Amino acid sequence: MKIASWNVNSLNVRMPHLAQWLRDAQPDVVALQETKVEDERFPDSQLAELGYRSVFCGQKTYNGVALLSRVPFASECVTAIPNFDDPQKRVLAATVGDVRIVDLYVVNGEKVGSEKFAYKLRWIEAVRAWLREELITHPNMVVLGDFNIAPDDRDVHDPKRWREKILCSTPERDALRSLLDLGLHDSFRLFNDEPGHHSWWDYRLAAFQRNWGLRIDLALVSDALRPRITAAGIDKAPRTWERPSDHTPVWLQTD
DNA sequence: ATGGTGGGCATCCCA
């Protein structure tokens, strides 16, 4: 099973890109972020024509997540973090086969020390408490999405320039560590320990052409699922297309 | 220190 994640930065704009990429990459499950589309307007019939069922949790203008699957979802989906009051649509969990899939659009945080930064850390702590419970009932789990955190300096094109900046700061990396400490593993790093592999490049300053990027889109796998992961990677091709998202898909393969 | 680009939307907010 190929499981992927992509922050599409508006599904309205990127639907043609998504359709092309589904045909090219043939994923079985896809987690989307920043769909920016209300549920009433989600293009589920168009995706059905492409062979994918969808569940979604969106809002107008900002945020929004969705899960696509070639096989039926095995359970009702969860669309909010339990016991955490949050109007922003950033999480979606569902089950495919015997694998629990948790799609996260982590808060960006704007600037270290800002109000949004405090919200980011509170939000991740609430996610941690939720995943701790989910892992008890669903030991086979993939937690994937736009984490808005580069795990370490290998994931940053210029660590000196990004030192303690948003997406790279110690409090954010500690927060990510608190998730990994639940028994989750960064699938990309099971297969590749090199620097210079990124999943997001700023639209400005021709960042993609210069590979001025960060690896902030992650697919984490649980202890129980880890032995079943056979490959993981980043698909840079969609970032080269006309009018791209600023993120590109990341994926993993299970046996 | 600043601003560069893009999406949504209709004015700046968010990334």
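Remember, predicted model here, so these are calculated numbers, not experimental data. Here is how names work: the chains are called A, B, and so on, in the same order as the sequence lines, proteins then strands, and each is numbered from 1.
Counting only residues at least two apart or in different chains, ring pair (Phe, Tyr, Trp, His ring centres under 6.0 Å) contacts with residues 213-238 of chain A are absent.
Atom CZ of A:F208 is separated from atom C1' of B:dA15 by 18 Å (rounded to the nearest Å). For A:F117 and B:dC14, the CZ to P distance is 17 Å, given to the nearest whole Å. Across the protein-nucleic acid pair, A:I166 atom CD1 and B:dC14 atom P stand 14 Å apart, rounded to whole Å. Between A:Q209 atom CD and B:dG4 atom P the separation is 18 Å, expressed in whole Å. Rounded to an integer number of Å, the gap from CG of A:D217 to P of B:dA15 is 14 Å. A straight line from CH2 of A:W200 to P of B:dT5 spans 15 Å, rounded to a whole angstrom. As rounded to whole Å, 18 Å separates atom P of B:dT2 from atom CG of A:D202. Note: CZ (A:R161) to P (B:dG3) measures 15 Å, nearest angstrom.
Residues from residues 103-113 of chain A with heavy atoms under 4.0 angstrom of DNA chain B, sorted by number: A:Y105, A:N108. Within residues 59-66 of chain A, the residues approaching DNA chain B are A:K60, A:T61, A:Y62, by heavy-atom distance under 4.0 Å.
When the nearest nucleotides of DNA chain B are assigned to A:Q88 and A:Y203 by heavy-atom distance, the more 5′-ward of the two goes with A:Y203. Between A:D146 and A:T35, the residue whose closest nucleotide on DNA chain B is further toward the 5' end is A:T35.
Taking atom C1' on both B:dC13 and B:dA1, the two are 22 Å apart, rounded to the nearest angstrom. With P as the reference atom, B:dC14 and B:dA10 are 14 Å apart, rounded to whole Å.
Between A:D39 and A:K89, none of the side-chain N atoms (NZ, or NE/NH1/NH2) sits under 4.0 Å from a carboxylate O, so this pair counts as no salt bridge.
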Item to complete: Start with the C-alpha distance between A:H157 and A:W162, add both sets of side-chain angles, then the distance that settles side-chain hydrogen bond (donor to acceptor under 3.5 Å, both in side chains), and finish with yes or no.
Response: CA-CA 9 Å; A:H157 70 92; A:W162 282 86; 2.9 Å; yes
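Side chain of A:K36, nearest nucleotide from B:dA15, B:dG7, B:dG4: B:dG7.
Look at A:R204 and you won't find any side-chain N or O under 4.0 angstrom from OP1 or OP2 of B:dA15. Listed pair A:R243 / B:dT5 fails the phosphate criterion, with no side-chain N or O lying under 4.0 Å from OP1 or OP2.
For A:F42, the ring-ring contact (aromatic ring centres under 6.0 Å, His included) partners are A:F56, not counting sequence neighbours. By the side chain to side chain contact (heavy atoms under 4.5 Å, CB included) test, A:N192 is found to be paired with A:F188, A:R189, A:E194, A:H197, residues two or more places apart in sequence or in another chain being considered. Scored by the side chain to side chain donor-acceptor pair (under 3.5 Å) test, A:R128 finds A:E125 as partners (sequence neighbours excluded). Contacts of A:W251 classified as ring-ring contact (aromatic ring centres under 6.0 Å, His included), with partners at least two apart in sequence or in another chain: none. Applying the side chain to side chain donor-acceptor pair (under 3.5 Å) test to A:K36 and every residue at least two apart in sequence or in another chain returns A:N9. For A:D181, the salt bridge (charged side-chain N to carboxylate O under 4.0 Å, His left out) partners two or more places apart in sequence, or in a different chain, are A:R177.
Heavy atoms of A:R90 sit under 4.0 angstrom from primed sugar atoms or phosphate atoms, though from no base atom.
With a 6.0 Å cutoff to the six-membered ring centre and a 45° limit on the axis angle, A:R161 counts as a cation-pi contact of A:W212.
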